[in-house]
2 protein chains.
Amino acid sequence: MTGTTRTPRERYRQQVREEVKEKAWQQIAGSGASALSLNAIAKQMGMSGPALYRYFANRDELITELIRDAYRSLADAFIAADSGGAGRPGLAGLARVLRGWALEDPHRYFLIYGTPVPGYHAPQDITAISTELMAVLLETCTAAAGPAAEPDPFDRHLADHREWAASHPDAPPSALHLALTFWSRLHGVLSLELAGHFTGMGLDPALFYEAEVDRIMTPDPLTAR
Amino acid sequence: MTGTTRTPRERYRQQVREEVKEKAWQQIAGSGASALSLNAIAKQMGMSGPALYRYFANRDELITELIRDAYRSLADAFIAADSGGAGRPGLAGLARVLRGWALEDPHRYFLIYGTPVPGYHAPQDITAISTELMAVLLETCTAAAGPAAEPDPFDRHLADHREWAASHPDAPPSALHLALTFWSRLHGVLSLELAGHFTGMGLDPALFYEAEVDRIMTPDPLTAR
DNA sequence: CACTCTGGTTATAGCCTCTAACAAACACAA
DNA sequence: TTGTGTTTGTTAGAGGCTATAACCAGAGTG
């Protein structure tokens with residue numbers, strides 16, 4: 001509807017770019033992003049080396065594009081869950097979406113949340129997607145966070161440091177805190193799981209993930225320890 | 001005392017290996033592990049390319065060595081904290097040690113906990129170090145975990161899946177759960193912080209870290225939400 | 001002293017990224 | 001239809017990397 005390519009040349013160009021990215025994802029799945037080779041992709045597509053530089057200025061541009069697509073895909077998954085027919089998903093729903101998305105393609109997850117490349121700075125339009133993502137999370141968190149109990153010290157810090165939550169100027173600090181907690185705790189479990197740090201330990205990461213989700217939403221009543 | 005090199009040849013060999021690793025760390029700090037170049041290191045040391053292959057069979061062996069050293073260093077930090085003169089450090093102490101160690105050299109942290117290299121499997125002696133680490137954590141967690149409250153579902157799972165906690169056969173499931181929680185939650189915050197995902201958000205990662213530490217040790221009483 | 005083992009050297013193969021120079025094909029207007 | 005500029009492909013090549021091979025000098029050792 002929007003970006004429908006005008007000229008057939010543009011059209012073809014887009015097709016090739018897409019095919020390149022497709023092969024790129026395959027390569028990444030096989031040998032990781034650092035081993036991605038424009039040359040190999042070109043050969044795979046039956047064209048010779050430098051041809052690809054007509055489509056991507058350099059390796060970095062391709063990778064940036066992949067990162068953008070990855071972010072976009074995650075954001076879309078969140079948005080779809082949020083505005084899907086079946087009522088609001090709630091934090092548990094978002095958590096499920098997040099894990100599903102991550103397991104679907106771990107390398108894609110690490111492209112976003114893995115080891116940063118020194119010197120790399122995401123272009124502005126990518127960070128925009130990530131704030132889009134955060135907006136959905138904040139929306140859900142303001143709905144989930146009950147009317148303020150007495151704020152803990154970090155809540156008080158957040159009350160004064162909420163630039164990142166500009167999309168929800170009325171969300172209480174406890175909601176911001178909840179969003180950060182959701183993000184960091186689930187990332188903690190997921191990234192350890194996907195990196196294989198649980199393999200051989202004999203525990204079921206899915207259950208651990210669920211346990212964390214439960215405790216994000218309803219912190220233990222004082223019974224425990 | 002132990003590994004004191006016998007022959008002066010061995011001695012020299014070790015010196016060179018150490019110098020190589022040193023330059024390697026510098027390179028990693030500058031351009032990340034994936035950009036590490038044996039060639040460049042060799043030149044930096046005034047010798048020509050292939051010479052280094054007398055000391056390391058290949059790039060992978062060097063990196064493995066760096067990973068080993070990284071693990072060793074973290075484990076030693078934990079052990080030192082645990083058996084240091086000033087009484088047991090407790091979970092908060094370990095958390096402080098962990099963060100200090102991570103900030104000291106983020107690339108070293110990511111060498112252990114960052115994006116995994118597809119196909120790479122850590123040799124057995126490295127995983128041994130990581131269980132050493134886990135042992136210190138478990139020790140502290142059994143001391144910290146109060147006598148069992150009623151176990152949550154994941155506790156029950158852990159009761160049957162505790163191979164990884166072989167060092168502490170008598171630790172209650174709640175202690176194992178606590179250890180996992182410590183590990184994954186703090187990794188969550190740290191890895192987001194070190195990867196720069198908090199930059200520009202305007203919040204203080206150190207405070208968030210502290211907040212998480214607090215909630216690991218004393219989950220919110222039912223007041224909150 | 002001779003002999004071996006070690007640590008260095010150059011040469012080379014085979015990857016890679018990326019630039020330059022050139023050729024064919026296409027789009028389109030006169 | 002013919003001419004012209006743009007796009008997309010080609011090969012050649014510079015310069016980087018890993019890694020192997022072949023060779024040579026010096027250190028230890030019988």
Side-chain angles (χ1 to χ4, degrees), chain A residues 3-67 111 117-120, chain B residues 3-67 111 117-120:
Chain A
T4 34
T5 45
R6 4 191 188 294
T7 136
R9 267 214 157 133
E10 264 304 307
R11 191 187 197 68
Y12 176 69
R13 188 180 178 74
Q14 285 305 330
Q15 276 184 13
V16 175
R17 278 178 69 98
E18 283 311 315
E19 190 179 344
V20 170
K21 291 201 267 180
E22 206 172 298
K23 307 281 184 196
W25 282 116
Q26 292 173 13
Q27 266 202 22
I28 287 180
S31 358
S34 61
L36 195 160
S37 150
L38 285 200
N39 224 326
I41 292 176
K43 279 187 198 164
Q44 231 182 96
M45 292 177 57
M47 51 167 113
S48 225
L52 287 202
Y53 288 82
R54 297 289 178 193
Y55 297 91
F56 297 91
N58 49 40
R59 215 184 89 118
D60 269 21
E61 189 184 297
L62 172 55
I63 292 185
T64 299
E65 192 78 3
L66 297 178
I67 294 177
L111 215 46
V117 185
Y120 176 83
Chain B
T4 34
T5 45
R6 1 188 192 298
T7 135
R9 267 215 157 133
E10 264 306 305
R11 192 185 195 72
Y12 176 68
R13 186 178 179 76
Q14 285 304 332
Q15 275 184 14
V16 174
R17 280 178 68 100
E18 283 310 314
E19 191 180 344
V20 170
K21 291 202 268 180
E22 207 171 297
K23 306 279 184 198
W25 282 117
Q26 291 172 13
Q27 266 204 20
I28 287 181
S31 358
S34 60
L36 195 160
S37 149
L38 285 199
N39 224 328
I41 292 175
K43 278 186 197 163
Q44 229 182 96
M45 293 178 56
M47 49 167 114
S48 225
L52 286 202
Y53 287 83
R54 298 290 180 193
Y55 297 91
F56 296 91
N58 49 41
R59 216 183 89 117
D60 269 22
E61 188 184 297
L62 171 56
I63 292 186
T64 298
E65 193 79 2
L66 297 179
I67 295 178
L111 216 47
V117 185
Y120 176 84

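Lettering follows sequence order; numbering is per chain, from 1. Both backbone and side-chain heavy atoms feed into the values below; hydrogens, waters and symmetry mates do not.
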Discussion item. If you assign each of A:Gly49 and B:Pro50 to its closest nucleotide in DNA chain D, which residue comes earlier from the 5' end?
Written reply: A:Gly49
Response to the item:
Against the side chain of A:Met47, the closest entry in C:dT19, D:dT10, C:dT17 is D:dT10
Worksheet item: For D:dG9, does either OP1 or OP2 sit under 4.0 Å from a side-chain N or O belonging to A:Tyr55?
Response: yes
Item to complete: For residues B:Glu61 and B:Tyr55, report the shortest heavy-atom separation together with the two atoms involved.
Response: OE2-O, 4.0 Å
Worksheet item: Which part of the nucleic acid does A:Arg9 contact within heavy-atom distance under 4.0 Å: base, sugar-phosphate only, or nothing?
Response: base
Response to the item:
Rounded to whole Å, the CG-C1' distance (A:Asn58 to C:dT17) equals 9 Å
Discussion item. How long is the straight-line distance from CG of A:Leu52 back to CG of A:Leu62, given to the nearest 0.5 Å?
Written reply: 8.5 Å
Practice prompt. Locate the shortest heavy-atom distance separating B:Leu36 from B:Ala24; write the atom from each residue and the value.
Written response: CD1-CB, 4.1 Å
Response to the item:
With the side chain defined as heavy atoms from C-beta on, A:Arg54 is closest, among C:dA27, D:dT8, C:dC18, to D:dT8
Discussion item. How close do A:Ile28 and A:Ala33 get, counting heavy atoms only, and between which atoms?
Written reply: CG1-CA, 3.8 Å
Item to complete: Could you tell me the separation between the CZ atom of B:Phe56 and the P atom of D:dT18, rounded to a whole number of Å?
Response: 13 Å
Practice prompt. Taking only the side-chain heavy atoms of A:Arg59 (C-beta and beyond), determine which of D:dT8, C:dT17, D:dA19 contains the nearest atom.
Written response: C:dT17
Worksheet item: Is there a donor-acceptor pair under 3.5 Å between the side chain of B:Arg59 and the backbone N or O of B:Leu38?
Response: no
Worksheet item: Any side-chain N or O of A:Tyr12 under 4.0 Å from OP1/OP2 of C:dA25?
Response: no
Item to complete: Check whether any side-chain N or O of A:Ser48 sits under 4.0 Å from OP1 or OP2 of D:dG9, and answer yes or no.
Response: no
Practice prompt. Check A:Ser31 against B:Pro118 and note the closest heavy-atom contact, atom names and distance.
Written response: C-CG, 3.5 Å
Practice prompt. Quickly work out the A:Glu10 CD to C:dA27 C1' distance and round it to whole Å.
Written response: 14 Å
Practice prompt. Taking all non-hydrogen atoms of both residues into account, name the closest pair between A:Ala35 and A:Gln27 and its distance.
Written response: O-OE1, 3.7 Å
Discussion item. What contact category does A:Arg13 fall into here, base, sugar-phosphate, or nothing, at under 4.0 angstrom with non-hydrogen atoms?
Written reply: sugar-phosphate
Response to the item:
What residues 28-45 of chain B contributes to the DNA chain C interface at heavy-atom separation below 4.0 Å is none
